Peer 1: 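This is the structure I want to talk about, given as structure tokens.
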Amino acid sequence: MDFYKLTRPLLFRLDPEKAHHLTLAGLRMLTRLKADSLLSPGIHSEPVEVMGIKFPNRIGLAAGLDKAGNCISGFGAMGFGSVEVGTITPLPQNGNPKPRLFRIREREAIINRMGFNNPGIDAALKNIANSRKGFAGIVGINIGKNKDTDNSQAIDDYLTCFRKAYPSADYIAVNISSPNTVGLRELQLPETARNLLLSLKQEQQKLHEESGKYVPFAVKIAPDMESRQILALADLFNDVQIDAVIATNTTIRRDNLQGVPHENEKGGLSGSPLARQSTEVIAALYKAMDKAIPIIGAGGIDSAKQARAKIEAGAKLVQIYTGLIYRGPSLVNELLNAKL
Ligand SMILES: Cc1cc2nc3c(=O)[nH]c(=O)nc-3n(C[C@H](O)[C@H](O)[C@H](O)COP(=O)(O)O)c2cc1C
């Protein structure tokens, strides 16, 4: 039985952010009651090694849904092989004023300008330690900078989060592509990105030597780049030998949204209208990048067909967010059973 078919009409009557909190609270309750196995009727799982770590399957939860790291094992119970928590910043912050989350039902899409609302890295790490209990999959910690940190100091914020997250994370995602923190995407400019990534590589090497544990890091990029920008980033990623790229974050474009409610809301657009654009970025990147650097594909995956398109374009793993809001846990099931 697909519970989500019953609950979605009720949830969609609520303000999107209230629906979000209610769903996560429900998920936590199911986990506490040890009833979360209801979410995953007999699923197929095929382990795959990416970034030197073993993922139970190719399907991951994209960053931004479990922003505070409270629900890892609940999402695990849906069948996700990996859960990416965050984005987390060094200090707690409230994010942008509400409303800041909009459903575009006509296009199975979302516009959000949440602005990294999160409890800060110290609290998030406590949440993660608790909520990952019983989860056998991979936990990624997605890091960013605080809103009040000037870009000239951004490296310090990333390094702070990187050091703190390192002992707890299976991998770290470096988010330089959210459109909702002013100036963040400027960190994708090749010279700025080079300094940031070299600093993180150096820190990774140091922490690896000190702890004996190697934690890979992936860089999350925007879909709104011209091909020459993608090529410049691919060159940089080859040079620095980062461990993976996550492609992509939400878009600031509004293709095919004319005439639908909320089309003019500021923020990042996700879901179906983003699917092709992010697949094109993956394909361009795959062509230009060392094959040793894996791509994690995200953007508008709402079916096994869309997930397969990402994998055919070069992605080794996929992540979903908006598709889960519209389709519910049965989407995870569909993707797992498609044996991607
Ligand atoms: C409400 C919302 C919040 C998000 N927050 C984050 C975030 O904090 N960090 C991040 O890297 N990506 C964030 N994302 C982007 C998603 O991780 C994903 O890259 C994007 O939505 C494309 O996938 P989708 O079309 O399956 O949603 C957010 C997306 C949504 C819809």
Side-chain angles (χ1 to χ4, degrees), residues 15-17 19-21 23-24 59-69 75 80 82-89 93 95-96 98-104 107-119 124 140-147 158 161 171-181 184-185 187-188 217-224 245-253 262 265 267-279 281-282 295-303 306-307 309-310 315 317-327 331-332 335:
D15 160 74
E17 208 169 328
H20 167 86
H21 289 301
T23 310
L24 292 195
I59 321 300
L61 179 71
L65 223 177
D66 194 4
K67 274 195 191 268
F75 284 110
F80 284 106
S82 61
V83 174
E84 194 172 302
V85 166
T87 294
I88 309 289
T89 54
Q93 60 179 35
N96 290 321
K98 295 176 188 173
R100 53 193 181 176
L101 182 59
F102 306 89
R103 291 185 200 101
I104 303 176
R107 298 288 185 277
E108 302 218 332
I110 290 175
I111 290 178
N112 93 83
R113 50 169 180 271
M114 304 299 285
F116 293 169
N117 51 311
N118 82 99
I141 302 183
N142 179 309
I143 59 172
K145 74 167 191 78
N146 277 112
K147 175 175 178 250
Y158 284 93
C161 289
Y171 74 90
I172 294 173
V174 179
N175 182 6
I176 49 173
S177 52
S178 166
N180 301 317
T181 294
L184 195 85
R185 284 185 171 190
L187 301 177
Q188 291 182 126
F217 77 85
V219 178
K220 185 159 178 181
I221 62 167
D224 307 308
V245 181
I246 305 174
T248 67
N249 214 313
T250 56
T251 177
I252 52 170
R253 274 166 43 179
H262 305 308
E265 291 294 348
L269 172 71
S270 58
S272 296
L274 171 63
R276 183 202 272 236
Q277 194 185 337
S278 63
T279 304
V281 172
I282 292 168
I295 298 171
I296 303 173
I301 296 175
D302 59 0
S303 62
Q306 283 294 354
K310 294 277 190 283
L317 301 169
V318 293
Q319 293 182 333
I320 61 172
Y321 185 147
T322 306
L324 188 66
I325 305 302
Y326 284 95
R327 299 266 328 270
L331 174 59
V332 188
L335 298 182

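Computed from a predicted structure; not experimentally measured. As the structure lists them, so they are numbered: ligands from 1, and atoms in each ligand from 1.
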Peer 1: Ligand 1: which residues have a non-hydrogen atom closer than 4.0 Å?
Peer 2: Ala62, Ala63, Gly64, Lys67, Gly86, Thr87, Leu101, Ile110, Asn112, Asn142, Asn175, Lys220, Thr248, Asn249, Thr250, Ser270, Gly271, Leu274, Gly299, Gly300, Ile320, Tyr321, Thr322

Peer 1: Carefully, step by step, assess Thr279 and Lys310 under the rule side-chain hydrogen bond (donor to acceptor under 3.5 Å, both in side chains).
Peer 2: CA-CA 6 Å; Thr279 304; Lys310 294 277 190 283; 2.8 Å; yes

Peer 1: For residues Ile282 and Ala298, report the shortest heavy-atom separation together with the two atoms involved.
Peer 2: CD1-N, 4.5 Å

Peer 1: Between Asp224 and Arg185, is there a side-chain N and carboxylate O pair less than 4.0 Å apart?
Peer 2: yes

Peer 1: Determine, stepwise, if the pair Leu331 / Tyr326 fulfils side-chain contact (heavy atoms from CB on, under 4.5 Å).
Peer 2: CA-CA 9 Å; Leu331 174 59; Tyr326 284 95; over 6 Å; no

Peer 1: To check you understand the geometry: which heavy-atom pair defines the closest contact between Phe75 and Leu65, and what is its length?
Peer 2: CZ-CD2, 4.0 Å

Peer 1: Give me the atom names and distance for the closest heavy-atom approach of Gln319 to Leu61.
Peer 2: NE2-O, 4.2 Å

